[in-house]
Protein chains: 2
Amino acid sequence: MEKTGHPTRPGETILREALESNGQRFTEQRAAVFRFLRSTDVHPSADEVFSTVRRELPGISLATVYKSLETLVGCGLAVKLTYSDGSARYDGRTDPHHHARCLACGRVMDVAGSIPDRNLAELRGSVGGFHVTGYRLELSGYCGSCAPEEIAIA
Amino acid sequence: MEKTGHPTRPGETILREALESNGQRFTEQRAAVFRFLRSTDVHPSADEVFSTVRRELPGISLATVYKSLETLVGCGLAVKLTYSDGSARYDGRTDPHHHARCLACGRVMDVAGSIPDRNLAELRGSVGGFHVTGYRLELSGYCGSCAPEEIAIA
DNA sequence: ATCCTTGCAAAGCATTTGCAGTCAC
DNA sequence: GTGACTGCAAATGCTTTGCAAGGAT
């Protein structure tokens, strides 16, 4: 029932390989940050990652969390999302999906699916000489918990 | 050949009305910021707005530029774009369009067109109970000036 | 043994805020 | 005249950095 020294935790191999191929080392801290990101869909801020991971690794510092997050992003194991209010959030999902952000509570939700290539191609056409490598799509609006009736009035 | 006191500059009426309907006042500073945003398509940062507007209004302060930009955004006369590197940029265009950002030089370009409603509806379907009011689409890649050949190698 | 990482604290930056003087209405 | 706006400077908040000690390979 207790931790037995975690011989191999979920996703550990993926992380090890990703780090190695980038010439970086596997550490407890990076593993904990990675594991947490994978386990949630709340798109936490660096500080939220810190608070949570700290429960498991009481000695970890906020600076290390930032460094770890940046490392994961660099390895393609996480995505950094930035918003107009200046907050940055991290997403550990790497499969193609998009986001929906509630304008009232700021929560970020996952949206399955992607835009048909045909449509992207059309858009691409209007920026001459631009080599497109990816895109980010984000819906904005109000989540179920944030009183949809208020919107009808406003 | 000189400024004659600018009785009515382009877009001034639009600004006046937008401000009024939000209970705010028309000022030289706001007008200058607005005029500059409208006149360019470079999606300037607050600091770039400051440097430019300053040439016309030497006494304006950076704080005022920030306040003016926020006011314009609040009135729907400008849009704030935020990026992962922590930089915020402003766009004075209000017609439907999207952006393409160069991963090398950071430049932001306009992309005409929009996603067919049909596709948006599909995406919307996957976030239950979410009331969608808008969306942001952004292409990422490399602009013409940023050596497309390097990409083929990498 | 090497050199990458961590943790700490200090530094950095973009943005925001408080306030007295000034200006738009 | 009144309340909103500006300019200044200090403050804030998130993120980064420098460095000595510790840890992974």
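Labels below follow one simple rule: chain letters A, B, ... track the order of the sequence lines, proteins then strands, and each chain is numbered from 1.
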Report which part of the nucleic acid B:Gly23 touches: base, sugar-phosphate, or nothing (heavy-atom distance under 4.0 Å, all strands). nothing

Look at the side-chain N and O atoms of A:Ser61 and state whether any lies under 4.0 Å from the OP1 or OP2 oxygen of C:dT6. no

For D:dG3, take OP1 and OP2 only and decide whether either is under 4.0 Å from a side-chain N or O of B:Gln24. no

In whole angstrom, what separates [X]'s [atom1] from [N]'s [atom2]?
X	N	atom1	atom2	answer
A:Leu19	C:dT5	CG	P	8 Å
A:Gln29	C:dC4	CD	P	17 Å
A:Arg30	D:dG23	CZ	P	15 Å
A:Ile60	D:dG23	CD1	P	14 Å
A:Phe50	C:dT6	CZ	P	14 Å
B:Asn22	D:dA4	CG	P	14 Å
B:Tyr66	C:dT15	OH	P	3 Å
A:Asp47	D:dT12	CG	P	17 Å

As a check of understanding: the bend across the helix from C:dA1-D:dT25 to C:dC25-D:dG1, end axes from five pairs, rounded to 10 degrees, works out to 50°

Using a 4.5 Å cut-off on heavy atoms from C-beta on, say whether the side chain of A:Arg38 contacts that of A:Thr94. yes

Do the side chain of B:Glu17 and the main chain of B:Ile14 share a donor and acceptor less than 3.5 angstrom apart? no

Any sub-3.5 Å donor-acceptor pair from A:Thr82's side-chain atoms to B:Thr82's backbone N or O? no

Tell me whether the count of non-hydrogen atoms from other residues, nucleotides or ligands lying under 6.0 Å of CZ in B:Arg93 goes above 12. yes

In plain terms, say whether B:Arg35 and B:Glu56 are close enough for a salt bridge, that is, a side-chain N and a carboxylate O under 4.0 Å apart. yes

Distance-only donor-acceptor pairs under 3.5 Å for side chains of residues 66-80 of chain B, two or more places apart:
residue: B:Ser68; atom: OG; partner: B:Thr64; partner atom: O; Å: 2.8
residue: B:Thr71; atom: OG1; partner: B:Lys67; partner atom: O; Å: 2.8
residue: B:Lys80; atom: NZ; partner: A:Ser84; partner atom: O; Å: 3.2

With a cut-off of under 6.0 Å to the ring centre and 45° to the axis, is B:Arg136 in cation-pi contact with B:Tyr83? yes

Got a list of protein N/O to nucleotides 21-24 of chain C N/O distances below 3.5 Å?
residue: C:dA24; atom: O3'; partner: B:Phe26; partner atom: O; Å: 3.4
residue: C:dA24; atom: N3; partner: B:Arg25; partner atom: NH1; Å: 3.4

Atom pair CG (B:Leu137) and CG (A:Leu139), whose distance is rounded to the nearest 0.5 Å: 10.5 Å

State, without any angle test, whether B:Asp91 and B:His99 hold a side-chain donor-acceptor pair at a distance under 3.5 Å. yes

By nearest-heavy-atom nucleotide on DNA chain C, the more 5' of A:Lys67 and B:Glu70 is A:Lys67

Between A:Ala63 and B:Ala88, whichever has its closest DNA chain C nucleotide further toward 5' is A:Ala63

